[in-house]
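Nothing here was measured: the structure is a model prediction, and the numbers come from that model.
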Amino acid sequence: MVGPQSEATGRLPEHIPEDISPEALDAHSVSLKQAAIDGIIVSAGRRDPAAGGLIPLRAETLNEAQPILNGDPFVKEGIAVQ
């Protein structure tokens, strides 16, 4: 759904790589914390067991959300997909 205050999400692949580096995890965590401070994300959290998570974003359009998603370290590293 795209429109005023629409939400876009990234998702993890069905099979999550077991070799996610601590650096990638730290970069992802820092990115999420900054996005929360900036008011870009609605909330974030991982699933239990740690098989991924869901990150709702605040964006007016998908075009506005796309750079946010593309900037996530997990997306850049190919760990998460959109």
Side-chain angles (χ1 to χ4, degrees):
M1 174 168 56
V2 176
Q5 293 298 331
S6 65
E7 296 176 357
T9 61
R11 64 181 173 80
L12 288 168
E14 194 171 313
H15 301 287
I16 299 168
E18 294 181 14
D19 60 346
I20 297 173
S21 72
E23 294 82 13
L25 187 57
D26 287 345
H28 176 67
S29 178
V30 167
S31 176
L32 289 178
K33 287 177 185 174
Q34 187 60 53
I37 290 167
D38 294 343
I40 295 170
I41 62 172
V42 176
S43 66
R46 70 179 197 181
R47 295 177 6 200
D48 187 17
L54 177 68
I55 306 167
L57 302 175
R58 293 187 192 278
E60 293 293 325
T61 66
L62 183 57
N63 286 338
E64 183 181 327
Q66 202 66 52
I68 298 165
L69 294 170
N70 291 341
D72 185 280
F74 274 10
V75 173
K76 288 180 180 181
E77 296 291 324
I79 297 166
V81 296
Q82 303 175 42

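- Here the CG atom belonging to Asp38 is positioned 9.5 Å from the OG atom belonging to Ser31, to the nearest 0.5 angstrom.
- For Ser29, the side-chain contact (heavy atoms from CB on, under 4.5 Å) partners are Lys33, not counting sequence neighbours.
- Here Leu69 contributes atom CG and Lys76 contributes atom NZ; the two are 12.5 Å apart, rounded to the nearest 0.5 Å.
- The two residues Ala24 and Pro73 make their nearest non-hydrogen contact at O-CB, 4.4 Å.
- Qualifying side-chain contact (heavy atoms from CB on, under 4.5 Å) partners for Ala35, counting only residues two or more places apart in sequence or in other chains: Ile40, Ile41.
- Side-chain contact check for Gln66 versus Asn63: every heavy-atom pair is 4.5 Å or farther apart.
- Glu77 contributes atom CD, which lies 10.0 Å from atom CG of Asp72 (distance to the nearest 0.5 angstrom).
- Taken to the nearest 0.5 Å, the CD1 atom of Ile20 stands 7.0 Å off from the CG atom of Leu25.
- Glu64 is linked by a side-chain hydrogen bond (donor to acceptor under 3.5 Å, both in side chains) to nothing, counting only residues two or more places apart in sequence or in another chain.
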